[in-house]
Amino acid sequence: MAIATTALLAACAPNSKQLASGIDLANLDSTYQPGADFYMYATGGWQKAHPLTAEYSRFGSFDQLGEDNNERLRSIIEEVSAKENEKGSIEQKIADLYNSAMDSVKLNGEEYWYDLEGFLLCDGYQNTREITNNWLNEVWPRMQRQGVPGLFAMYIAADEKDSKNNLVTIVQGGLTLGQKDYYIDKDARSEEIRKAYQKYIVDLSQHSGFGEEDAQRISQDVMRIETRIAEASKSRTELRDPEANYNKLSYAELKEQFPGIDWDGFFGNFGMEGVKEVCLGQPAAIHEVEKVLKEETPEALQNIYLWHAMDMVSSFLDDESRALNFGFYGKVMSGKEEDRPRWKRAVAAVEGGLGEALGQLYVAKYFPPEAKARMEKLIKNLQIALGERIDVQEWMSDETKKVAREKLDAFYVKVGYPDKWKDYSELEIGDSYLRNMLAVGEWEIKDMIKTKFNKPVDKDEWYMTPQTVNAYYNPTTNEICFPAGILQPPFFDMQADDAFNYGAIGVVIGHEMTHGFDDQGSKYDKNGNLVTWWSEEDTKQFEERIQVMREFHDSIEVLPGLHANGSLTLGENMADHGGLMVAFQAFKNATKDAPLDVIDGFTPEQRFFLAYANVWGQNIRDEEIQKRVKSDPHQLGMWRVNGQMPHIDAWYEAFGITESDPMFVPKEKRVTIW
Ligand SMILES: [Zn+2]
């Protein structure tokens, strides 16, 4: 059957039938057999047609949609900019933020450096060496209010064990490279990154106005202090255990157990009077920060804070600062060859700073009400299918099934865009890009405190903007959210039939739903509280089953000698598996009474899997693979396809895969969840 399909494919050119199936035949590569490399079979043509440009370290059909979206956002912004906008309106803020980011003459001009000096030092101060005390007491608190990262992080979010209420949360931080591995791992690649990082610190410090000696000292201080904190920090995989990262303290206990940090001063700086309780996620890292504050000199502390500030603002300055930033994060860390054009960075700045304001304009123009209605129906059908899947699980006890179904029924569903929008009235945007971005940083913290500090959780808050090409599940509100941005091809196509839409967006919906029952989500109940609701036996059965997934992905070699991290990617891999299982069932339910035809030589079942695979077609550089294996809880595109298909019985049937095919996995070795 596979051979027949392949032969047919080769004879077929893309034609108008594509619309009905939603599958672009040009995306396939019939030189591959579906049972040998399904990923290349389904997406090889797309990959060939979309070689990586210098700007990208990874480019997939996901990113293509992001690109299309960027063009739309740009046209909205330019339309707004062309008008005379009332001062204080969101249109004025969008236009001015964008224009400030686009004004290359001003950004590269002499005058602009006064902004930087005023920010890094303090208007009037010249020699940083002599002002350490003033600097630490005056400049640094102001920078923290502007969002410059310190040695740990603070945010306000749902209390995981009392999910209706918000809780002040302190977590490990202070690592410019994002995670501990980069500071500690001994492999050549990590060494190379550390070396390049030190050079980046020296270069950017010098460019920002420090002499060579000062720049060298900043680099040494930063590496030493960040490495100390890295050693005491948890890895990404360790952070995936919510129970182990929940440590609630009264304010008195916080001060008593972590006396090395001036908590009154810290919270007072943000105007947070009356902190009652905090969740302190990673005590070891915070204890190390206490030691750093005690043992390091004031000069060294000033240097690391200065560094965090310089690094943060380097993209909002002249071209040379940005080039240094890109040279490290873009080139060295990701393997990109060329920076994004200025307009894309400017769109991203508006997106980051005024995301929901831009989103309001976006959905008015690009999100038809029919799309919302069809999406809601799809979600309903997926919900029914997941309920059916839960019912037929043999490993789950009846009591746990009952509670699982209650959780499923309690999903809070968000589609398209929020019912109420963020209020940007207190954010002032003018003509300096640097000052604008600092104002955004300050506004975000103020807004968080204003809306969340000592307040109940607002379930209607959105954690993604409507124009985002993505979706999420949030365990503490038990919500699934599908922004307008993802409700477009190749995920969702109003012109395509159910085989396509269930295979693409249907699996995304099922994926997000399954997060409610993955290795992390299953630890939260229907109200979003971190409690055990599974029986011990169910948990044991569950663990045994997910172990199969973990080991399968651990064994995958993503580059010669480099293996995927099955533990880090476990939740996402299970969500892909659940998404496929549930969406396929929902698809069968939906077409039970009126089965779809063969189109373009493919059965509806085949089209379902082709649509799924096409979401993940991508090209990627080795550096980006190395980075993602360390940091991304999602598998690489190739393995979201080839690591999943062998565990889906319906895929074997659809393509007639047999034991002789390289991707074949014996039934007893397949993942059996959902
Ligand atoms: Zn996910």
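All ligand and atom numbering here is 1-based and tracks the order in the structure. Residue indices begin at 1 and follow the sequence shown.
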Original post:
If you measure from the Lys or Arg side-chain nitrogens to the Asp or Glu carboxylate oxygens, is any gap between K344 and E67 under 4.0 Å?
Top reply: yes
Original post:
Would Q585 and E388 count as a side-chain hydrogen bond (donor to acceptor under 3.5 Å, both in side chains) if you check the C-alpha gap in whole Å, the side-chain angles of each, and the deciding distance to 0.1 Å?
Top reply: CA-CA 9 Å; Q585 171 130 354; E388 291 170 359; 2.6 Å; yes
Subject >> Metal check, the Zn ion (ligand 1) vs H511 N/O/S, cut-off below 2.8 Å >> reply: yes
**OP:** Return the name of the atom in E572, of element N, O or S, nearest to the Zn ion (ligand 1).
**Re:** OE1
Subject >> Parallel, tilted or perpendicular: ring planes of Y41 versus F38, cut at 30 and 60 degrees >> reply: tilted
Subject >> Shortest-distance N/O/S atom, H515 versus the Zn ion (ligand 1) >> reply: NE2
Original post:
Any ion pair linking K630 and D185 (charged N to carboxylate O, less than 4.0 Å)?
Top reply: yes
